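A short write-up of the structure that comes next.
Excluded from the calculations below are hydrogen atoms, water molecules and symmetry mates; all remaining heavy atoms, backbone and side chain alike, are included. Below, chain A is the first sequence line, B the second, and so on; all start at residue 1. Everything quoted here is computed from the prediction, not taken from an experiment.
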Amino acid sequence: MYDAPRMPEVLEPLPASDEAAVLAALRAGDEAAFTRLVEMYHTSMVRLATAYVPSYAVAEEVAQEAWLGVLNGLDRFEGRSSLKTWIFRILTNIAKTRGAREQRSQPFSSVFDDVGEDEATVDPDRFAKEGHWLLAPSGWGDSPEDKLESAECQALIQATIETLPPNQREVIRLRDVMGWTSEEVCNTLELSETNQRVLLHRARARVRKALEMYFDGAGAG
Amino acid sequence: MERLKYVWVGELLQRLGLKKKPPIVCREVVELVTKYLEDALPADDRTRFETHLTACPHCTRYLEQFRQTIRATGQLREEDLAPEAKENLLAAFRTWKAS
């Protein structure tokens with residue numbers, strides 16, 4: 001388990017038009033430009049690395065090493081991908097190598113390659129034999145938005161994501177928390193679109209289920 | 001083998017639009033939600049999906065809760081950057097700059 005989430009200021013992603021300026025500043029050794037990038041991406045890089053390596057401490061080392069790779073590779077960066085995607089690809093490459101060296105019980109390559117069994121995301125017992133609902137989802141009240149944004153619900157969502165298998169956890173984090181596109185996620189994690197979608201769907205279904213249990217328990221139906 | 005042939009012929013007829021696919025049921029709908037939201041369903045499946053929703057308040061609710069789940073997940077914030085990590089990285093940056 002990691003520290004409980006705190007609420008930092010929101011850092012907007014770089015608009016593409018800014019990317020050239022950021023690159024020029026970095027190449028010129030501008031510390032402020034580097035700091036901004038680190039503030040935007042470092043925490044997510046460490047998080048993502050935890051899917052490949054056995055501990056948070058090693059993940060932190062991987063992310064630090066990735067930044068060195070970024071700095072040393074700046075002159076070779078040609079802008080064929082976005083700066084963000086390029087940085088995260090450096091990270092996942094290092095994380096994979098490191099994960100293999102750390103000899104996890106599971107081979108590193110299968111972390112994202114293996115999406116697992118084709119399982120139902122809703123308990124099959126909730127459907128009749130012909131496939132219609134027997135136990136339909138109950139309502140979450142008239143305007144559940146306020147509740148969903150409450151600290152309690154947000155903590156529940158966070159905790160549920162933490163319990164997901166690493167591949168589902170990272171896909172939902174990149175897609176739904178960080179707001180990446182499916183293309184960015186597929187490129188960074190070397191996932192097919194189909195597998196990315198399967199992982200995302202399972203992760204979302206698990207979070208929905210946790211919220212359902214919360215709302216049912218709270219008697220909001 | 002014989003059965004396989006029928007399945008194949010059935011699929012061929014479906015592709016040619018000569019045989020309508022059966023309507024989808026709730027159990028299938030819940031597995032297609034992300035594919036629907038990503039706009040990745042083939043046109044005919046999308047139509048079957050939406051047709052089902054117009055007649056099924058339960059699946060409509062499921063889809064709405066899925067959307068609410070996605071929005072709520074989007075409210076999560078990453079943790080702050082630890083000051084030690086930032087200092088280490090800035091030190092590395094200065095070393096890189098000086099090299």
Against chain B, label A:Arg175 side chain, backbone, both or neither, depending on which of its atoms sit under 4.5 Å from a heavy atom there. side chain

A:Arg208 and B:Gln65: side-chain donor and acceptor closer than 3.5 Å? yes

Taking 4.0 angstrom as the limit, do B:Lys86 and A:Glu39 come out as a salt bridge? yes

Out of B:Thr95, B:Thr69, B:Val33, B:Asn88, which one racks up the most heavy-atom pairs below 4.5 Å with chain A? B:Thr69

So which residue, A:Ala205, A:Ala63, A:Cys153, ends up with the most heavy-atom pairs under 4.5 Å with chain B? A:Ala205

May I ask you to name which of A:Pro137, A:Ser182, A:Ala136, A:Gly179 has the most heavy-atom pairs under 4.5 Å with chain B? A:Pro137

If one checks every heavy atom of B:Lys35 against chain A at 4.5 Å, the contacting part turns out to be both

Under 4.5 Å from a heavy atom of chain B, the part of A:Pro144 involved: side chain

How many angstroms lie between CD in A:Glu170 and CG in A:Asn167, if you round to the nearest 0.5 Å? 9.0 Å

Less than 4.5 Å to any heavy atom of chain A: does that hold for the side chain of B:Glu38, its backbone, both, or neither? side chain

Max heavy-atom pairs within cutoff under 4.5 Å with chain A, candidates B:Arg61, B:Glu28, B:Lys97, B:Arg94, goes to B:Arg61

Which region of A:Glu31, side chain (C-beta onward) or backbone (N, CA, C, O), has a non-hydrogen atom less than 4.5 Å from a non-hydrogen atom of chain B, or is it both or neither? both

Within the 3.5 Å criterion, strictly below it, is a donor on A:Ser138 or A:Asp216 matched to an acceptor on the partner's side chain? yes

Report the distance from atom CD of A:Glu183 to atom CD of A:Gln196, rounding to the nearest 0.5 Å. 10.5 Å

Check: A:His201 ring centroid to B:Phe66 ring centroid under 6.0 Å: yes

Could you tell me whether the side chain of A:Leu37 reaches within less than 4.5 Å of the side chain of A:Leu83, counting heavy atoms only? yes

Distance in Å, A:Ile90 CD1 paired with A:Thr85 OG1, rounded so as to fall on 0.5 Å steps: 11.0 Å

Greatest number of non-hydrogen atom pairs under 4.5 angstrom with chain B, of A:Thr121, A:Leu200, A:Val198, falls to A:Thr121

Thinking salt bridges, do A:Glu149 and B:Arg71 make one under a 4.0 Å N-O criterion? no

Would you say the ring centroid of A:Phe34 lies under 6.0 angstrom from that of A:Trp67? yes

Which residue out of A:Met178, A:Gln64, A:Glu145, A:His132 racks up the most heavy-atom pairs below 4.5 Å with chain B? A:Gln64

In terms of heavy-atom proximity below 4.5 Å to chain B, should A:Leu156 be classed as side chain, backbone, both, or neither? neither

Using non-hydrogen atoms only, which part of A:Ala210 is less than 4.5 Å away from chain B: side chain, backbone, both, or neither? neither

So what's closer than 4.5 Å to chain B heavy atoms on A:Asp123: side chain, backbone, both or neither? neither

Winner by heavy-atom pair count (cut-off under 4.5 Å) against chain A, out of B:Ile70, B:Leu90, B:Leu89: B:Leu89

Heavy-atom distances under 4.5 Å only: say whether A:Trp133 touches chain B with side chain, backbone, both or neither. both

Would you please indicate if the ring centroids of A:Phe88 and A:Trp180 are separated by under 6.0 Å? yes

Given that the side chain runs from C-beta out, which part of A:Leu71 has a heavy atom under 4.5 Å from chain B: side chain, backbone, both or neither? both

